[in-house]
Amino acid sequence: MRTRILRRSKKGPDARALRGAAAVILESLELGNTELSVLVTGDKEMWGLNLRYRGKDKPTDVLSFSQTEGEFGDIEPGVLGDVVISVDTAQRQADEKGHSLQREMDILLIHGILHLAGYDHEKGRSEAAKMKAKEKQLLAALEKKAV
């Protein structure tokens, strides 16, 4: 497994924490032999990405870009894709929920990786429930590793 962490924001957890969380998540999903890139950025860049790729004129918390789907999805086997997280939105959400920024970043990383693994909460209630259950399971695995 290879995880690249790119930071365009000085806020948020360090690369080592994100890389460790990604390793636990990928191993739990039996995707340990894959490559993943994680970009930590701010709302301004996230706004542009959300507008360009989803047609939504606002920032969002996390975006996923699969390298295994579409016409050229088989060119680089083992390259899972990219997860982009807005640390600005993550901080606001952490404050609203009353937990740490690290926990919110873990939640968003889990959510993004699950999308890359084929989970999609927008495909109906049943799929949303499956994804939510897997998110809880993976968050528990991260918390267990942290102890």
Side-chain angles (χ1 to χ4, degrees), residues 1-9 11-94 97 101-146:
M1 181 209 58
R2 182 171 164 212
T3 301
R4 286 187 304 232
I5 309 294
L6 308 166
R7 298 182 61 88
R8 292 202 183 124
S9 175
K11 302 174 197 173
D14 67 12
R16 194 171 344 135
L18 288 169
R19 196 174 293 110
V24 171
I25 296 163
L26 292 171
E27 287 296 329
S28 296
L29 293 170
E30 298 181 2
L31 294 170
N33 293 324
T34 59
E35 184 175 320
L36 172 72
S37 292
V38 179
L39 171 62
V40 178
T41 191
D43 276 351
K44 184 177 179 182
E45 184 172 15
M46 186 62 98
W47 193 320
L49 291 170
N50 204 25
L51 181 60
R52 180 175 181 184
Y53 293 103
R54 296 181 65 226
K56 299 195 181 225
D57 193 13
K58 61 182 181 178
T60 190
D61 52 5
V62 63
L63 291 171
S64 298
F65 298 95
S66 177
Q67 298 297 312
T68 62
E69 296 175 359
E71 184 179 353
F72 302 105
D74 59 351
I75 288 179
E76 286 287 332
V79 178
L80 190 58
D82 309 297
V83 173
V84 183
I85 300 172
S86 171
V87 71
D88 297 331
T89 299
Q91 183 66 68
R92 283 192 306 277
Q93 290 176 177
K97 295 173 184 174
L101 176 59
Q102 177 65 56
R103 181 177 173 86
E104 189 66 19
M105 295 291 286
D106 288 346
I107 290 167
L108 296 175
L109 184 61
I110 289 167
H111 189 86
I113 292 173
L114 283 177
H115 274 296
L116 295 178
Y119 289 79
D120 191 348
H121 56 89
E122 295 180 359
K123 287 187 174 178
R125 260 189 244 171
S126 174
E127 291 300 312
K130 284 181 196 174
M131 188 168 181
K132 187 56 119 178
K134 188 55 91 169
E135 286 173 338
K136 286 181 181 180
Q137 176 189 359
L138 292 170
L139 189 57
L142 282 179
E143 290 168 349
K144 184 176 179 183
K145 280 285 189 187

Side-chain touch Ile113/Leu109, heavy atoms, less than 4.5 angstrom: yes

What I'd like to find out is whether the side chain of Asp82 reaches to under 4.5 Å of the side chain of Leu39, using heavy atoms alone. no

Taking all heavy atoms of Gly112 and all of Val62, pick out the closest pair and write down the distance. CA-CG2, 4.1 Å

Any Gln91 side-chain heavy atom under 4.5 Å of Leu101 side chain: yes

Please name the pair of heavy atoms, one in Glu104 and one in Ala94, separated by the smallest distance, quoted to 0.1 Å. CB-CB, 3.9 Å

Can you tell me if NZ on Lys97 sees more than 12 non-hydrogen neighbours from other groups inside 6.0 Å? yes

Please check: side-chain N/O of Asp43 versus main-chain N/O of Asp88, any donor-acceptor pairing under 3.5 Å? no

Any side-chain heavy-atom pair from Arg103 and Leu139 closer than 4.5 angstrom? yes

Nearest heavy atoms of Met46 and Asp61, plus distance in Å: CE-O, 3.5 Å

Closer than 3.5 angstrom, by distance alone: can the side chain of Arg19 be matched with the main-chain N or O of Thr3 as a donor-acceptor pair? yes

Can you confirm whether Leu116 sits close enough to Leu36 that some side-chain heavy atom of one is under 4.5 Å from a side-chain heavy atom of the other? yes

Do Met105 and Val38 make a side-chain contact, defined as non-hydrogen atoms from C-beta onward lying under 4.5 Å apart? no

Do the side chain of Thr34 and the main chain of Leu31 share a donor and acceptor less than 3.5 angstrom apart? yes

Shortest non-hydrogen separation from Leu63 to Arg54 and the atoms involved: CD2-CD, 3.3 Å

Below 4.5 Å, heavy atoms only, C-beta onward: do Glu45 and Val84 meet side chain to side chain? no

Quick one, Asp120 and His115 - any side-chain contact, counting heavy atoms below 4.5 Å? yes

Heavy-atom pair with the smallest gap, counting every atom of Lys134 and Tyr119: CE-OH, 3.2 Å

Nearest heavy-atom contact between Glu135 and Leu114 is CG-CD1, 3.4 Å

What orientation do His121 and His111 show, parallel under 30°, tilted 30 to 60°, or perpendicular over 60°? tilted

